Amino acid sequence: MNALRHAEPVMGTVVSFDIRDGGSGAAAREALRQAVRWLHRVDAVFSTYRPDSQVSRLGRGELALADCDPEVAEVLALGERAERASGGWFSVRAGAGLDPSGVVKGWAVERASAILREAGCLRHSVNGGGDIQTAGRPEPERDWQLGVAHPLHPGAFATVVRGSGIALATSGSAERGAHILDPHTGAPVDDGGLASVSVVGASLTAADIAATAAFAMGGAAARGWLERQPGLEGFAVTPDGRAWWTSGFGRYAELPGTG
């Protein structure tokens with residue numbers, strides 16, 4: 001059966017869908033439409049660039065949390081748990097105001113994948129600007145192969161992650177500059193000893209949050225913290241081009257010669 005593929009500009013990036021089962025069927029096309037509608041709804045509710053979004057109005061004190069869509073409370077609760085788990089290196093309130101962006105993209109893409117699964121599309125990937133949630137395998141005997149962009153060599157991969165039903169998230173400053181904030185100071189993380197950090201696991205929500213927190217931590221602190229995160233493995237590139245990874249990362253990738 002032919003694959004169903006679609007690229008949707010939304011949430012300030014492009015979300016790409018690759019559906020390998022049911023791709024020519026009406027049910028798969030309707031599931032794709034529902035997933036795309038979901039992403040646009042997330043953008044309308046959570047965008048910090050839209051002054052009329054619920055998150056923007058909540059941050060300005062113009063809207064009470066009880067009057068927001070229930071997903072707003074869900075995302076903020078995820079952020080609060082992440083803040084506790086990371087020792088304060090992750091926060092939805094870093095900087096001048098409320099900004100749950102570090103939760104929203106991974107969470108929204110994972111939920112879009114769940115919409116596809118619930119419709120019977122059990123072999124697919126959803127790629128939100130390099131943060132990827134997969135389900136099943138692309139082919140019965142072949143795993144997904146997910147490239148980790150090299151932060152210092154545009155167009156090259158630092159490594160390739162392989163697996164079925166896995167998620168991959170990467171945080172760094174190479175593509176968007178110093179956009180990740182240190183929650184303790186509110187200043188951008190510019191030289192924390194990492195050019196990028198990637199996290200792989202089953203849940204894109206968890207992987208995306210962990211990658212953001214680890215990048216803010218930087219260096220040895222990030223490596224030790226990632227080692228302690230259940231169900232997650234990390235891979236990082238340092239500003240001088242060297243790489244390190246957590247002890248279980250090798251089951252997902254062929255590793256470079258040094259670490």
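Values reported hereafter were calculated over all heavy atoms of this structure, with side chains retained and with hydrogens, waters and symmetry mates removed. Just so you know, these numbers come straight off a predicted model, no measurement behind them.
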query: For Ala114, which residues count as a side chain to side chain contact (heavy atoms under 4.5 Å, CB included) partner, sequence neighbours excluded?
result: Arg117, Glu118

query: Please, which pairs that meet salt bridge (Lys or Arg N to Asp or Glu O under 4.0 Å) have at least one residue in residues 76-91, sequence neighbours excluded?
result: none

- request: Answer yes or no: is there a donor N or O on one side and an acceptor on the other, between the side chain of Arg223 and the main chain of Gly219, under 3.5 Å?
  value: no

Shortest non-hydrogen contact from Leu58 toward Ala64: CD1-C, 3.9 Å

message: A side-chain contact here means heavy atoms from C-beta on lying under 4.5 Å apart; do Leu98 and Leu76 qualify?
response: yes

statement: Rounded to the nearest 0.5 Å, the CD1 atom of Ile115 sits from the CH2 atom of Trp38 at a distance of 6.5 Å

query: For the atom pair CG (Asn127) and CD1 (Ile132), what is the distance rounded to the nearest 0.5 Å?
result: 4.0 Å

Aromatic centroids of Tyr252 and Trp245 separated by under 6.0 Å: no

message: Counting C-beta onward and ignoring hydrogens, is there a side-chain heavy-atom pair between Pro138 and Gln145 closer than 4.5 Å?
response: no

message: Could you check whether any side-chain heavy atom of Val103 comes within less than 4.5 Å of a side-chain heavy atom of Asp208, counting everything from C-beta outward?
response: no

field: Of all pairs that satisfy salt bridge (Lys or Arg N to Asp or Glu O under 4.0 Å), the ones with a partner from residues 133-147, not counting sequence neighbours
entry: Arg137-Asp143, Glu139-Arg142

message: Looking at Glu110 and Ser203, would you say the former's side chain and the latter's main chain have a donor-acceptor pair under 3.5 Å?
response: no

message: For a 4.5 angstrom cut-off between non-hydrogen side-chain atoms, does Leu146 reach Thr134?
response: yes

query: Between Trp225 (side chain) and Ala85 (backbone), is there a donor-acceptor pair under 3.5 Å?
result: yes

message: Keeping Arg57 on the side-chain end and Cys68 on the backbone end, is there a donor-acceptor pair under 3.5 Å?
response: no

field: Under 3.5 Å donor-acceptor, Trp144 side chain and Gly136 backbone
entry: yes

- prompt: If you measure from CG on Asp99 to OG1 on Thr48, what distance do you get to the nearest 0.5 Å?
  reply: 4.5 Å

query: Can you find a heavy atom in the side chain of Val55 that is under 4.5 Å from one in the side chain of Val104?
result: no

message: Can you give me the closest heavy-atom contact between Ser56 and Pro51, atom names plus distance?
response: CB-O, 3.6 Å

Salt-bridge contact Glu71-Arg111 (side-chain N to carboxylate O under 4.0 Å): no

query: Which value, rounded to the nearest 0.5 Å, describes the distance between Ile166 atom CD1 and Leu204 atom CG?
result: 11.0 Å

- prompt: Do any N or O atoms from the side chain of Ser53 and from the backbone of Ser47 form a donor-acceptor pair under 3.5 angstrom?
  reply: yes

query: Is Thr238 reaching over with its side chain to a backbone N or O of Ala243, donor-acceptor style, under 3.5 angstrom?
result: no

query: Is there a donor-acceptor pair closer than 3.5 Å between any side-chain N or O of Lys105 and the backbone N or O of Asp131?
result: no

query: Any chain of hydrophobic side-chain contacts (each under 4.5 Å) joining Leu63 to Val75?
result: no

message: To the nearest 0.5 Å, what is the distance between CG on Leu194 and CH2 on Trp244?
response: 6.0 Å

message: Measuring only between side-chain heavy atoms, which start at C-beta, is Leu4 closer than 4.5 Å to His124?
response: no

task: For Val161 and Ala253, work out which heavy atoms get closest and say how close.
output: CA-CB, 4.4 Å

query: Looking only at heavy atoms, which two atoms of Gly193 and Pro239 are closest? And how far apart?
result: O-CD, 3.3 Å

Let me have the donor-acceptor pairs involving side chains of residues 7-17, under 3.5 Å, with sequence neighbours excluded, atom names and distances please.
from: Glu8; atom 1: OE1; to: His6; atom 2: NE2; distance (Å): 2.7
from: Glu8; atom 1: OE2; to: His40; atom 2: NE2; distance (Å): 2.7

- line: salt bridge (Lys or Arg N to Asp or Glu O under 4.0 Å) pairs touching residues 235-250, sequence neighbours excluded, are Asp240-Arg242

task: Output all residues satisfying side-chain hydrogen bond (donor to acceptor under 3.5 Å, both in side chains) with Asp52, sequence neighbours left out; order by chain, then residue number.
output: none

- prompt: Between the main-chain N or O of Asp69 and the side-chain N or O of Gln54, is there a donor-acceptor pair closer than 3.5 Å?
  reply: yes

- prompt: With side chains defined as the heavy atoms from C-beta onward, is the minimum distance between Arg29 and Gln34 less than 4.5 Å?
  reply: no

field: Close side-chain approach of Phe235 and Leu226, heavy atoms under 4.5 Å
entry: no

message: Given 3.5 Å as the limit, does a donor-acceptor pair link the side chain of Gln133 with the main chain of Val109, or not?
response: no

message: Whether the Glu233 and Thr246 side chains hold a donor-acceptor pair (N or O, under 3.5 Å, no angle test) is what I'd like checked.
response: yes

query: Between Ala82 and Phe90, which heavy-atom pair has the shortest distance, and what is it?
result: CB-CD2, 3.6 Å

- request: Check the side chains of Thr170 and Ser198 for a donor-acceptor pair under 3.5 angstrom, ignoring hydrogens and angles.
  value: yes

- prompt: Leu65, Phe46: one ILVMFWY side-chain cluster at the under-4.5 Å cut-off?
  reply: yes

task: Search all heavy atoms of Ala195 against all heavy atoms of Pro151 and return the closest pair with its distance.
output: CB-CG, 3.7 Å

Euclidean distance, Ile19 CD1 relative to Leu116 CG, rounded to 0.5 Å: 4.5 Å

